[in-house]
There are 2 protein chains.
Amino acid sequence: MKNNNNCNGNFLHEEKANRVLSSIPGDEFLYQLADFFRILGDSTRVKIIKALAISEMCVYDLSKLLNVSQSAMSHQLRVLRQANIVKYRKEGKVVFYSLKDEHIERIIRTGIEHLKERTS
Amino acid sequence: MKNNNNCNGNFLHEEKANRVLSSIPGDEFLYQLADFFRILGDSTRVKIIKALAISEMCVYDLSKLLNVSQSAMSHQLRVLRQANIVKYRKEGKVVFYSLKDEHIERIIRTGIEHLKERTS
DNA sequence: CCTATATATGAATATATGTTCATATAGTAT
DNA sequence: ATACTATATGAACATATATTCATATATAGG
């Protein structure tokens, strides 16, 4: 006798379960993916990326313009560097940061659109 | 005499600074945006979203299929609910969750593409 | 060499986050 | 009622994270 209220019997070990499982990336990739999104999950970093999308900038100016302490800025730039999101070039004692590519900013824009649709 | 090694003098208080500042969303929206990305910044939640993108599922099956404890699953579903990412319907004692819209999954796919490009 | 400027970094701290454990709630069946 | 199943939730705990503070490094100018 099949108990329809036990959802467990519905599809586990069946075709649908496999379809679901095969659509989910492997653990290793999944972690990378979550790590990537977590980078965008901080308003300071989003600010930095948005700023660099307009123009390359030195640490000092970023710090002043975005109202973030020099130290915090440096720490966050390191995070973005290690995540391969920004690159830098040195000119004397000044270090100019810029986006490694514009893909990131496109993803942020997608998020912005998403939120705006949701709000309206 | 203009000191070119002082990047501070380059554009602060000038047109470029304004362009940068005006491209950055206001604080309130910025927090929402970061909050949104932070939701995607956890592998368990990404797994759940990917699964629900294939099919609505009850908590029990999600839990079994994704190898997450029932309690952790419930907690994470609450997070997704509060973030307006999933909706649910009750059928007896069983609660079926599904994505509120497919937008989210599109954003995740964008992230996946981004990572894959970067790896290659 | 000494000073000032620009940036980086380690340690400390406060806060946020994810999971587990125990328990509560709610529906179903006997 | 009682027992069982499905889900939710509060508390505790361990870990991660962002910022600050103090200090280090590096470059330039005098």
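The figures that follow rest on heavy atoms only: side chains count, while hydrogens, waters and symmetry mates do not. Every chain is numbered from 1 and lettered A, B, ... according to where its sequence line falls, protein lines coming before strand lines.
- For the pair A:R81 and C:dT7, the criterion of a side-chain N or O lying under 4.0 Å from OP1 or OP2 is not met.
- Residues A:F37 and B:R38 fail the side-chain proximity criterion, which asks for heavy atoms closer than 4.5 Å.
- Between A:R109 and A:E113 there is no salt bridge, since no side-chain nitrogen of the basic residue lies less than 4.0 Å from a carboxylate oxygen of the acidic one.
- As a whole-Å value, the separation of B:L80 CG from D:dT9 P is 14 Å.
- The separation between A:L77 atom CG and D:dT17 atom P is 18 Å, rounded to whole Å.
- Rounded to whole angstrom, the span from the CZ atom of B:F96 across to the P atom of D:dT5 amounts to 17 Å.
- Summarising the geometry, the separation between CZ on A:R38 and C1' on C:dA16 is reported as 12 Å, rounded to the nearest angstrom.
- Salt bridge absent: B:E102 and B:R106 never bring a charged side-chain N and a carboxylate O closer than 4.0 Å.
- When the P atom of D:dT27 is taken as reference, atom OH of A:Y88 falls 12 Å away, rounded to whole Å.
- A donor-acceptor distance shorter than 3.5 angstrom exists from the side chain of A:S22 to the backbone of A:N18, with no hydrogens or angles considered.
- A salt bridge does not link A:D61 with A:K64: none of the charged nitrogens is closer than 4.0 Å to a carboxylate oxygen.
- No N or O donor and acceptor, one from the side chain of B:Q70 and one from the base of D:dA6, sit under 3.5 Å apart.
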Could you go through nucleotides 19-21 of chain D and list every protein N or O atom that sits under 3.5 Å from one of its N or O atoms, giving the distance for each pair?
| residue | atom | partner | partner atom | Å |
| --- | --- | --- | --- | --- |
| D:dT19 | OP1 | A:T44 | OG1 | 2.9 |
| D:dT19 | OP2 | A:Q76 | NE2 | 2.7 |
| D:dT20 | OP2 | A:S69 | OG | 3.2 |
| D:dT20 | O4 | A:H75 | NE2 | 3.2 |
| D:dC21 | N4 | A:S71 | OG | 2.6 |

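- Toward the 5′ end of DNA chain D lies the nearest nucleotide of B:R78, the other residue of the pair B:R78 and A:G41 mapping further downstream.
- Counting non-hydrogen atoms under 4.0 angstrom, A:Y97 reaches the backbone sugars and phosphates but no base.
- Taking only side-chain atoms of A:V59, from C-beta outward, the nucleotide of D:dA6, D:dA8, C:dA8 with the closest atom is C:dA8.
- In this structure, the CD1 atom of B:I48 is 13 Å from the C1' atom of C:dT19, given to the nearest Å.
- Checking A:R45 against A:K90, the closest nucleotide of DNA chain D that is more toward the 5' end is the one next to A:R45.
- Between the side chains of B:R89 and B:Y97, no donor-acceptor pair of N or O atoms lies under 3.5 Å.
- Residue A:K64 contributes atom NZ, which lies 15 Å from atom C1' of C:dT7 at whole-angstrom precision.
- Residue B:K93 has its side chain nearest to D:dT5 when only D:dT5, D:dT9, C:dA6 are considered.
- Residues passing the ring pair (Phe, Tyr, Trp, His ring centres under 6.0 Å) test with A:Y31, sequence neighbours excluded: none.
- Whole-Å rounding puts the A:F37 CZ to C:dT17 P distance at 18 Å.
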